[in-house]
Amino acid sequence: MFDALRRWSDRSLANSFALRAAAIVALSATILAGVTAGILYWNEREFSEAEMLHKANMAVRGIEEPLLVVENALLEFSSSTVLMTALFDSSGRSAYVRPFLQNYSFPVQATNGLALCDINGVRLAGSAAFSACHSDSRAFADVVANGGIRREMQQDDLARQVWIIYSGITFPYTGTTEGVAVATVDLSELAQPMRKFLEPASF
């Protein structure tokens with residue numbers, strides 16, 4: 001076939017130009033198809049990566065926002081005069097604070113709890129579930145010594161990952177930390193919907 005095309009091309013200058021033009025068109029079409037396929041591939045890859053990044057950001061936000069809700073509520077608790085008074089007023093603590101905290105739950109979609117502790121790590125009051133001082137933690141000792149707020153992640157006895165926030169109960173007129181409010185959130189439970197959201201099949 002190539003010999004026939006060559007003989008046909010050699011017959012006249014017009015035939016030669018026509019054959020070369022056809023070859024250029026065919027080559028251009030091949031190059032264009034290759035470039036188009038490449039662009040489509042990279043666009044699809046970039047779209048997939050962008051989608052993965054978006055879902056990862058959504059997952060992080062889905063965990064971070066509830067933890068911020070808990071932390072903000074804990075800060076309000078630890079600065080309230082009710083908890084400050086409850087640290088030293090055992091009768092008032094028994095009458096008002098214990099019943100209130102017994103049924104308290106932070107407004108997040110995960111098991112959580114709150115504990116009122118003195119600086120020695122003794123639990124004075126708290127919710128029915130997830131209510132511990134975690135006084136053996138370095139974070140607890142740091143709050144007692146310096147006030148403020150600390151956060152850490154631990155694994156409980158049931159191998160659940162829990163997020164713990166310690167907030168010092170500091171008396172404004174003395175500047176001393178007299179107790180610690182401790183919030184605990186089941187991080188494994190909080191992250192469960194996000195794990196399903198990030199399954200490979202969802203991409």
Side-chain angles (χ1 to χ4, degrees), residues 48-84 86-87 93 96-119 121-144 146-170 177-203:
S48 297
E49 289 177 351
E51 186 178 12
M52 288 173 62
L53 183 60
H54 172 70
K55 287 192 173 185
N57 287 334
M58 291 291 290
V60 170
R61 190 179 304 171
I63 296 173
E64 185 180 49
E65 288 181 353
L67 293 180
L68 285 175
V69 168
V70 173
E71 185 168 314
N72 290 334
L74 185 67
L75 285 170
E76 288 187 17
F77 268 123
S78 58
S79 62
S80 69
T81 55
V82 173
L83 286 194
M84 290 181 187
L87 286 173
R93 182 169 65 238
Y96 303 108
V97 178
R98 279 181 181 162
F100 173 74
L101 292 185
Q102 179 70 20
N103 300 310
Y104 183 81
S105 178
F106 292 102
V108 296
Q109 297 298 315
T111 305
N112 61 80
L114 173 65
L116 171 64
C117 314
D118 68 14
I119 57 175
V122 177
R123 179 183 176 277
L124 303 176
S127 53
F130 272 44
S131 178
C133 295
H134 304 283
S135 57
D136 56 343
S137 166
R138 181 177 178 179
F140 185 95
D142 285 346
V143 169
V144 171
N146 304 303
I149 190 166
R150 303 289 186 279
R151 310 161 190 85
E152 68 177 356
M153 184 171 63
Q154 287 187 13
Q155 191 172 57
D156 69 5
D157 296 337
L158 299 177
R160 294 175 297 193
Q161 295 293 331
V162 294
W163 186 255
I164 307 170
I165 310 172
Y166 307 84
S167 182
I169 302 174
T170 303
T177 299
E178 302 294 344
V180 182
V182 183
T184 306
V185 181
D186 187 339
L187 197 58
S188 301
E189 191 175 319
L190 190 66
Q192 191 60 37
M194 300 303 108
R195 287 179 184 150
K196 294 179 181 179
F197 186 66
L198 288 174
E199 285 179 355
S202 69
F203 289 99

Measure the [atom1]-[atom2] distance between [X] and [Y] for me, rounded to the nearest 0.5 Å.
{"X": "Q155", "Y": "L187", "atom1": "CD", "atom2": "CG", "result": "11.5 Å"}
{"X": "Y166", "Y": "S135", "atom1": "OH", "atom2": "OG", "result": "8.5 Å"}
{"X": "C133", "Y": "R123", "atom1": "SG", "atom2": "CZ", "result": "7.5 Å"}
{"X": "R93", "Y": "L101", "atom1": "CZ", "atom2": "CG", "result": "11.0 Å"}
{"X": "D118", "Y": "E178", "atom1": "CG", "atom2": "CD", "result": "10.0 Å"}
{"X": "S167", "Y": "L74", "atom1": "OG", "atom2": "CG", "result": "4.5 Å"}

May I ask you to test the [X]-[Y] pair for a side-chain heavy-atom distance under 4.5 Å?
{"X": "Q154", "Y": "Q161", "value": "no"}
{"X": "W163", "Y": "M153", "value": "yes"}
{"X": "L67", "Y": "V108", "value": "no"}

Taking the inter-plane angle between the rings of Y104 and F77 on a 0 to 90° scale, is it parallel (under 30°), tilted (30 to 60°) or perpendicular (over 60°)?
perpendicular
Checking the side chain of [X] only, and the main-chain atoms of [Y] only, is there a donor and an acceptor separated by less than 3.5 Å?
{"X": "S137", "Y": "A139", "answer": "yes"}
{"X": "T184", "Y": "I164", "answer": "no"}
{"X": "S131", "Y": "L114", "answer": "yes"}
{"X": "N112", "Y": "F106", "answer": "yes"}

For a quick test of reading the model, state the closest non-hydrogen atom pair linking [X] to [Y] and the distance between them.
{"X": "A129", "Y": "S127", "answer": "O-OG, 3.0 Å"}
{"X": "R150", "Y": "G147", "answer": "NH1-O, 3.3 Å"}
{"X": "A86", "Y": "L116", "answer": "CB-CD2, 4.0 Å"}
{"X": "F140", "Y": "H134", "answer": "CB-O, 3.6 Å"}
{"X": "C117", "Y": "L87", "answer": "O-CD2, 3.9 Å"}
{"X": "I165", "Y": "R151", "answer": "CG2-CG, 4.3 Å"}

Looking at R138 and E152, is any side-chain nitrogen of the basic one under 4.0 Å from a carboxylate oxygen of the acidic one?
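Looking at R138 together with E152, the answer is no, because their closest N to O distance does not fall below 4.0 Å.
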From CA spacing to verdict: side chain to side chain contact (heavy atoms under 4.5 Å, CB included), V143, I149
CA-CA 6 Å; V143 169; I149 190 166; over 6 Å; no
Assess whether atom CD of Q102 is packed by more than 12 heavy atoms of other residues, nucleotides or ligands within 6.0 Å.
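Yes, because the 6.0 Å sphere around CD of Q102 holds more than 12 heavy atoms from other groups.
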Count the heavy atoms belonging to other residues, nucleotides or ligands that lie under 6.0 Å from OH of Y96, then report whether that count exceeds 12.
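Not buried by this count: 12 neighbours or fewer within 6.0 Å.
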Do E189 and T111 get their side chains close enough for a donor-acceptor pair, meaning under 3.5 Å?
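Side chains of E189 and T111: pair found under 3.5 Å.
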Could you walk me through whether S78 and I169 satisfy the side chain to side chain contact (heavy atoms under 4.5 Å, CB included) test, starting with their C-alpha distance in whole Å, then the side-chain angles of each, then the deciding distance to 0.1 Å, before giving a yes or no?
CA-CA 5 Å; S78 58; I169 302 174; 4.1 Å; yes
Show your reasoning for whether side chain to side chain contact (heavy atoms under 4.5 Å, CB included) applies to V162 and V185.
CA-CA 6 Å; V162 294; V185 181; over 6 Å; no
